[in-house]
Amino acid sequence: RAHGTPDLRSCSRSGPPGHLARTKPIEKPTTEPSALRLGRWVDLASPAAIIALGWSLTQIAIVIWPSIDTLAQRALHVGFATALAYMMLSQRQQSRTGGLVYAAMGALAFLPALYIVWQADFLTSERIQGLDPVRPLDYAMGLLLIALLFDAGRRFLGLGLAIFSALFVVYFFLGPYLPGELAHRY
């Protein structure tokens, strides 16, 4: 830039044509860490970061040991995703009580996944579908997982997706009783 010429980045046109008025210089964006960005190394010890790291290590373990049951893999994937969603919501909360409620829901969201991993052999090979009764704990864990998934989906992705998903769940149960081409069998 030549000596005596104005810095055009800090000037604007406000006045007659050809007139450059001096304004304040362009400010750099602030580097304050937001609630969900990592601003310091200490932030890596947050519950959401630990869950994300655990999820990543689990995915690596599934690649290294492919003998892990497919049902267990899916359960862990859904459990980590739902728990991570609630932990991210807990970090957004302004009140400590709201954050603790979401953190508890995140821990609760991982419970059905652990149950499925623990019972994977029984659910896939020992239990005969349609013959053996479904245990009450199976129902409880399934309903808990569905409720938490719908809630997390509603909070992150909106009410539309939750309603759309609910219609498919209703169709699953009402399908055998529908007429004509709409009917299906389990």
Side chain of [X], backbone of [Y]: donor and acceptor closer than 3.5 Å?
X: His77; Y: Trp55; result: no
X: Tyr102; Y: Thr97; result: no
X: Tyr86; Y: Leu148; result: yes

Between atom [atom1] of [X] and atom [atom2] of [Y], what is the distance when rounded to the nearest 0.5 Å?
X: Leu111; Y: Leu145; atom1: CG; atom2: CG; answer: 10.0 Å
X: Leu100; Y: Met105; atom1: CG; atom2: CE; answer: 13.0 Å
X: Leu57; Y: Ile60; atom1: CG; atom2: CD1; answer: 5.5 Å
X: Leu89; Y: Asp151; atom1: CG; atom2: CG; answer: 8.5 Å
X: His184; Y: Leu174; atom1: NE2; atom2: CG; answer: 8.0 Å
X: Asp132; Y: Glu126; atom1: CG; atom2: CD; answer: 10.0 Å

Same cluster (ILVMFWY, side-chain, under 4.5 Å), Leu123 and Tyr139: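 No: no chain of side-chain contacts under 4.5 Å links Leu123 to Tyr139.
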Tell me whether Leu144 shares a hydrophobic cluster with Leu84, the cluster being built from Ile, Leu, Val, Met, Phe, Trp, Tyr side chains joined at under 4.5 Å.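 In one cluster: yes.
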Tell me the closest heavy-atom pair linking [X] and [Y], and the distance in Å.
X: Arg154; Y: Ala162; result: CB-CB, 4.1 Å
X: Ala152; Y: Thr82; result: CB-CG2, 4.3 Å
X: Ser90; Y: Gly99; result: CB-O, 3.2 Å
X: Gly106; Y: Ala83; result: O-CB, 3.4 Å
X: Asp69; Y: Ala120; result: OD2-CB, 3.8 Å
X: Ala103; Y: Met87; result: O-CE, 3.3 Å

Compute the centroid of each ring, for Phe168 and then for Phe172, and state whether the two points are separated by less than 6.0 Å.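 Between Phe172 and Phe168, which both carry aromatic rings, the centre distance is not below 6.0 Å.
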Leu143: hydrophobic cluster co-members (side-chain, 4.5 Å): none
Can you tell me which residue pairs pass the ring-ring contact (aromatic ring centres under 6.0 Å, His included) test with a partner in residues 103-125, sequence neighbours excluded?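 Passing the test, one end in residues 103-125: Phe80-Phe110.
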Using a 4.5 Å cut-off on heavy atoms from C-beta on, say whether the side chain of Arg185 contacts that of Pro176. no
Would you say that Arg127 contacts Val134 through its side chain, given a criterion of any heavy-atom pair below 4.5 Å between the two side chains? yes
Which residues satisfy the salt bridge (charged side-chain N to carboxylate O under 4.0 Å, His left out) test with Asp138, sequence neighbours excluded?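 Counting only residues at least two positions away or on another chain, Asp138 forms a salt bridge (charged side-chain N to carboxylate O under 4.0 Å, His left out) with Arg135.
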